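Hydrogens, waters and symmetry mates are skipped; everything else that's a heavy atom, side chains included, is used. Note that this is a predicted model, so its numbers are computed, not measured. Throughout, a chain's letter reflects where its sequence line sits, starting with A, and its residues are numbered from 1.
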2 protein chains.
Amino acid sequence: MTTQPSQIQPTGIPEEINGLRMTRQRQEVYRFLMGEQSHPTANEVFIRIKEALPNVSLATVYNCLEALVQHKIVRQVNFDREPSRYCPNLDEHGHFHDETTGTIHDVKFKPGIKLTDLLDLPPNTVIKDIEITLRGQLA
Amino acid sequence: MTTQPSQIQPTGIPEEINGLRMTRQRQEVYRFLMGEQSHPTANEVFIRIKEALPNVSLATVYNCLEALVQHKIVRQVNFDREPSRYCPNLDEHGHFHDETTGTIHDVKFKPGIKLTDLLDLPPNTVIKDIEITLRGQLA
DNA sequence: GAACTTAATTAGAATAGTTCTTGATCTAAA
DNA sequence: TTTAGATCAAGAACTATTCTAATTAAGTTC
Ligand SMILES: [Mn+2]
Ligand SMILES: [Mn+2]
Ligand SMILES: [Zn+2]
Ligand SMILES: [Zn+2]
């Protein structure tokens with residue numbers, strides 16, 4: 001009895017997610033993001049996955065991140081004009097930027113809250129995406 | 001009987017707002033923004049106030065906008081990685097980005113809504129600023 | 001008001017995150 | 001195995017913004 005070819009790669013990530021073929025570079029980017037709550041930048045991803053893929057380029061990291069974002073595998077998060085950050089949390093959530101430490105924290109909504117119900121939107125508005133960003137201090 | 005020196009400038013803007021001396025350049029930037037709902041970019045402000053101040057520089061427009069924002073006279077609004085936009089509406093409000101037309105619209109909250117009450121924030125969190133951005137279509 | 005001091009403006013160079021270009025390499029299909 | 005398309009790597013290019021240095025304007029002191 002022979003074993004079937006596995007769908008799981010050396011990184012522990014399947015061959016394909018949401019219709020996106022998971023190349024080795026995409027696997028490494030995704031695997032790193034999945035283990036991070038810190039919302040790393042492209043450059044931070046680059047530095048980190050070079051450990052596993054010494055020849056990877058920053059352009060490829062950007063390409064991978066763009067592909068992952070477009071296929072809704074991770075999310076891109078922007079704070080003002082700072083470098084984009086990337087978030088593995090696909091649940092609806094906001095982002096709290098702690099000014100004291102510079103850290104970013106996910107913020108859940110209280111149960112049963114529908115953001116759009118609280119907004120004075122014109123009728124027939126189709127909302128495809130909501131983004132909530134908070135700035136402050138964790139006293 | 002002689003008239004007293006007026007505190008109002010040729011632009012109709014006072015000499016000082018929120019502790020910021022309103023130079024001619026700042027006046028023109030501010031006056032233009034006050035008459036706009038479109039959330040213009042720095043470059044759009046630049047193009048427009050050149051009509052009144054042909055020698056104004058883009059660097060000055062950026063300087064003016066930064067000063068106005070820091071003194072809470074106007075607000076800076078960012079959408080993803082697009083150029084910053086500027087908003088004269090100081091009331092608490094969000095921004096709806098209509099994907100079809102590319103236009104931006106202010107969105108009020110329904111009366112009596114406190115955003116922070118709806119979020120699952122850790123205790124002792126001091127929120128200094130909230131930003132809400134919506135993307136979608138005006139069907 | 002002249003001399004002095006500080007703030008603001010200008011033009012252009014510099015910066016930095018991101019995107020683009022091009023040629024090489026990999027993958028999947030035929 | 002050939003072919004076609006996708007992906008990758010390296011570096012150039014792009015662009016919104018910031019910085020630098022010189023000039024001008026405004027406010028202050030005599
Ligand atoms: Mn980071
Ligand atoms: Mn605009
Ligand atoms: Zn997040
Ligand atoms: Zn607004």
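Here Ile47(A) is tied to no hydrophobic group at all, with no ILVMFWY side chain closer than 4.5 Å. The hydrophobic cluster around Val126(B) extends to none of the other residues, as no ILVMFWY side-chain heavy atom falls under 4.5 Å of it.
Counting to the nearest Å, the P atom of dA16(D) and the CD atom of Gln76(B) are 14 Å from each other. In this structure, Glu82(A) places its CD atom 14 Å from C1' of dT17(D), rounding to the nearest Å. Between Arg85(B) atom CZ and dT17(D) atom C1' the separation is 16 Å, expressed in whole Å. Look at CG on Leu53(A): it is 12 Å from P on dA10(D), rounded to the nearest Å.
Residue pairs meeting the salt bridge (Lys or Arg N to Asp or Glu O under 4.0 Å) criterion with at least one partner in residues 52-81 of chain A, sequence neighbours excluded, do not occur; the list is empty. Under the salt bridge (Lys or Arg N to Asp or Glu O under 4.0 Å) criterion, the residue pairs touching residues 96-115 of chain A are Glu99(A)-Arg135(A), with sequence neighbours excluded. The stretch residues 45-62 of chain B participates, sequence neighbours left out, in these salt bridge (Lys or Arg N to Asp or Glu O under 4.0 Å) pairs: Arg48(B)-Glu51(B).
Residues satisfying the ring-ring contact (aromatic ring centres under 6.0 Å, His included) test with His93(B), not counting sequence neighbours, are His95(B). In this view, Phe79(A) and His97(A) satisfy the ring-ring contact (aromatic ring centres under 6.0 Å, His included) rule, not counting sequence neighbours. Residues that satisfy the salt bridge (Lys or Arg N to Asp or Glu O under 4.0 Å) test with Arg31(A), not counting sequence neighbours, are Glu28(A). Partners of Asn63(B) by side chain to side chain donor-acceptor pair (under 3.5 Å), not counting sequence neighbours: none found.
Residues from residues 57-68 of chain B with heavy atoms under 4.0 angstrom of DNA chain C, sorted by number: Ser57(B), Ala59(B), Thr60(B), Asn63(B).
Side-chain contact check for Thr60(B) and Gln25(B): no donor-acceptor pair (N or O, by modelled atom type) lies under 3.5 Å.
Between the side chain of Asn89(A) and the backbone N or O of Asp91(A) there is at least one donor-acceptor pair closer than 3.5 Å.
Contacts between chain B and DNA chain C, taken as any atom within less than 4.0 angstrom of a protein heavy atom, begin and end at dA7(C) to dT18(C).
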Using the 3.5 Å cut-off, write out each protein N or O paired with an N or O of nucleotides 4-7 of chain D and the distance between them.
residue : atom : partner  : partner atom : Å
dT7(D)  : OP1  : Arg26(A) : NH1          : 3.0
dT7(D)  : OP1  : Arg26(A) : NH2          : 3.2
dT7(D)  : O5'  : Arg26(A) : NH2          : 3.4

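Within 4.0 Å of Asn55(A), counting heavy atoms only, lie sugar-phosphate atoms of the nucleic acid but no base atom.
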